[in-house]
Undergrad: 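Submitted below is the structure of interest, expressed as structure tokens.
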Amino acid sequence: MTFQFLSPKSSSYTNKVDVDGDIDMLLKTERENFETQVVTPGEIITSDTQYMRGHGTFTTEKNQRLSSVAGVVEHVNKLISVRSLHARYTGDIGDLVIGRITEVSQRRWKVDINSRQDAVLLLSAINLPGGIQRRKTEADELQMRKFFSEGDLLVAEVQGTFQDGSSSLHTRNSKYGKLRNGSFVIVPQALVQRCKTHFHTLPCGVDLTLGLNGYIWVSKHTTQTAEELEIYSNENEEIDQENRESIARVCNSISVLSRHFMCINDKMIMLAYEASLNFLVKDLLKLDVMEVIISEVSEKMTLLKAGVRR
Amino acid sequence: MSGDRRRIQGPEVTVAPIIIKSTDREKIQLKDINGQRRDGRNLEDIRPIFLKTGLISQANGSAYIELRRTKIACGVYGPRQTKIPSFSGRGNLNCEIKFTPFSCLKRRQPYRDAQEKELSQLVYEALAPSIRLDLLPKSTIDIYISVLENDGMASCFAAAITCASVAVADAGIEMLDQVAACSASYIDGDIYMDSDLVEEQRESGSLILSYMPSLNEVTHILQSGKVEVSLTTQAIEQCTDACSKIYSVMNHSLLESVKNKIQ
């Protein structure tokens, strides 16, 4: 009698191992079901009870998992969540955000960060000019508008989140603080990807700060360190014509990407910037020019992706 | 004639008003011998729908609906912080419906009148059960609906609810289900689904149903006029059927907008 050894049935599982070393536990058929599944509110995602419900879903009495937003189904092993493309930003600890002061109140500022609720920035969570380390006194409380007043833009990090969906910010880093010498762009929050760094200096001599809340700051490149600068100054520096033009070009390139709903990171912005060089800055947002730029960017993207695979 | 400018001065010559006799209106045949209406629909058919999201770029979500001559745009702003500081564990929903001055047969005033206030309240009642306001403490959602062309008040109101619900879904706000709404008119013992202005002028009563198709729940029902119970039940059934059809259009337009973007 001869025995035949059969290889374990691996074909039914995808068994993908991701960067963190997590093994995909889904069956191949299940995986295919969930790949880019697009749902609308009230649609049944699955009737299978083994799945946990995440954001953007709810359960009925029949134990069905229903979607509560219109968007793409995301799947992390047994956790199902639905990500909406237009939802407002919800803060996560450690996120870099750009915000605008809406209100100065007792010992705190209210900051609009494109979230459901305005975020708070406590007086104790900011750096003093000159980097002095001390407790904030009542004197500081009285001159809070000297640090930030209504309408000021700032870059900060999310320090914590509250039950009602609001978050608290801090600027206790020399990179964070008031923004000046530049231009402000708003894009849908879903487009900005979480990266290792959100501060970039583009080769065209422009500084770029990508807020995860969809707010972007494009400014003149500075080589000065924070200690040399007056960090709470409201005065813009002199920006020459060339710099102004490249700032405007970068801003418009970002707008072009966001109007065509392409993801936004420094590489994509540079691709769009390079593609835009054949046109005048003021023409960039014309429909036909946008088409040309976008087709060029997506062409380069596919080339880059193919290069990575090789 | 040096006049007192505070008095309303009438013209010096008077002209007899032109009166359209009601008999002229009666003469219009609403349905022919085959049971077809003036625009070729059957009694239980609704008008074809055009629905598109993402019309207003600065709004968080928006939608535009067109049912032949009924045209409505809707923008949703928020959820954002409630301006008046009062603590509430639930979110606020603020609905405003606005008829543009040129939308109706008679010119509308640009300011908010009593009818707009009433309709705004009704839109709120129809939409509020579908939105998960319990997840949005201290926040406000603003829904602004503007009617660009009005072809029958009941059908316009139903279209406004449908349009607003799609706009809310487009804004990425968590909701239990989308609300589809449909109207029906009672004319001479018949039920005319989704009636237009001419049919509405002849109706003896009407019914507007707001319905969440995938949860199979009614959020709002509004009936006016005097009708038999049996006719009402029949109208509700026909409206739920029509709502399911509208729902498929709503789903389609939402899916299209998402799919276009993720490509």
Side-chain angles (χ1 to χ4, degrees), chain A residues 35-44 55-62 64 66-73 81-90 102-103 105 110-120 162-166 186 188-191 214 255 258-263 298, chain B residues 53-54 57-62 76-83 85 87-89 91 130-132 134-141 165-180 212-217 247-248 250-263:
Chain A
E35 238 147 58
T36 58
Q37 187 187 351
V38 182
V39 288
T40 52
E43 200 173 314
I44 299 165
H55 290 295
T57 60
F58 66 101
T59 33
T60 55
E61 294 93 49
K62 292 179 208 155
Q64 290 168 323
L66 267 65
S67 155
S68 66
V69 290
V72 190
V73 178
S81 48
V82 182
R83 197 163 54 100
S84 162
L85 301 178
H86 284 286
R88 300 211 126 206
Y89 171 73
T90 31
T102 55
E103 196 184 314
S105 50
K110 286 281 167 67
V111 191
D112 161 42
I113 56 162
N114 191 28
S115 182
R116 301 206 295 264
Q117 295 280 311
D118 283 354
V120 290
F162 300 113
Q163 196 78 66
D164 62 354
S166 64
I186 298 177
Q189 154 265 320
L191 292 182
S255 302
S258 88
R259 289 203 196 171
H260 285 260
F261 224 80
M262 298 180 84
C263 70
S298 34
Chain B
T53 58
S57 56
Q58 67 268 39
N60 292 100
S62 60
V76 173
Y77 297 81
R80 54 190 176 187
Q81 181 146 333
T82 309
K83 284 286 172 295
F87 182 79
S88 66
S130 75
I131 300 172
R132 299 198 65 188
D134 51 318
L135 296 178
L136 305 166
K138 301 201 281 184
S139 308
T140 307
I141 301 169
S165 187
V166 174
V168 170
D170 185 47
I173 293 165
E174 293 209 35
M175 53 206 293
L176 295 170
D177 194 5
Q178 294 173 72
V179 182
M212 300 197 281
S214 68
L215 292 185
N216 196 16
E217 279 177 37
Y247 185 69
S248 67
M250 294 163 81
N251 259 350
H252 180 76
S253 74
L254 268 178
L255 289 179
E256 278 301 298
S257 74
V258 176
K259 276 178 188 161
N260 277 340
K261 281 176 175 168
I262 57 173
Q263 266 161 16

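Just so it is clear: chains get the letters A, B, ... in the order the sequence lines come, proteins before strands, and each one is counted from 1. This structure is a prediction, so every number in the text was calculated from the model and none was measured.
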Undergrad: Pick one of side chain, backbone, both or neither for A:Ser166, based on which atoms fall under 4.5 Å of a heavy atom in chain B.
TA: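 For A:Ser166, no heavy atom lies under 4.5 Å from chain B.
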Undergrad: Name the region of A:Ser298, side chain, backbone, both or neither, that has any atom closer than 4.5 Å to a heavy atom of chain B.
TA: neither
Undergrad: Of all residues at least two apart in sequence or in a different chain, which pass the side chain to side chain contact (heavy atoms under 4.5 Å, CB included) check with B:Asn60?
TA: A:Arg88, B:Tyr77, B:Ala171
Undergrad: I'd like to verify something: which residue of B:Leu136, B:Ile141, B:Thr140 has the highest number of heavy-atom pairs under 4.5 Å with chain A?
TA: B:Leu136
Undergrad: Any donor-acceptor pair under 3.5 Å linking the side-chain atoms of B:Ser139 with those of A:Gln117?
TA: yes
Undergrad: Using the side chain to side chain contact (heavy atoms under 4.5 Å, CB included) criterion, which residues pair with B:Arg132? Sequence neighbours excluded.
TA: A:Phe58, B:Asp134, B:Leu135, B:Glu174, B:Leu176
Undergrad: Which region of A:Val82, side chain (C-beta onward) or backbone (N, CA, C, O), has a non-hydrogen atom less than 4.5 Å from a non-hydrogen atom of chain B, or is it both or neither?
TA: neither
Undergrad: Counting heavy-atom pairs under 4.5 Å to chain B, which of A:Ser84, A:Ser68, A:Ala70 comes out on top?
TA: A:Ser68
Undergrad: Sort A:Thr57 into side chain, backbone, both or neither according to what part of it lies under 4.5 angstrom from a heavy atom of chain B.
TA: backbone
Undergrad: Among B:Leu255, B:Leu215, B:Leu254, single out the residue with the greatest number of heavy-atom pairs under 4.5 Å to chain A.
TA: B:Leu255
Undergrad: Indicate the atoms forming the closest heavy-atom contact of A:Leu191 with A:Ser258, along with that distance.
TA: CD1-CA, 3.7 Å
Undergrad: Between B:Pro213 and B:Asp177, is any pair of side-chain heavy atoms under 4.5 Å apart?
TA: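 Side chain of B:Pro213 against side chain of B:Asp177, heavy atoms only: contact under 4.5 Å found.
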Undergrad: Any donor-acceptor pair under 3.5 Å linking the side chain of B:Ser130 with the backbone of B:Gln178?
TA: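 It does not hold such a pair.
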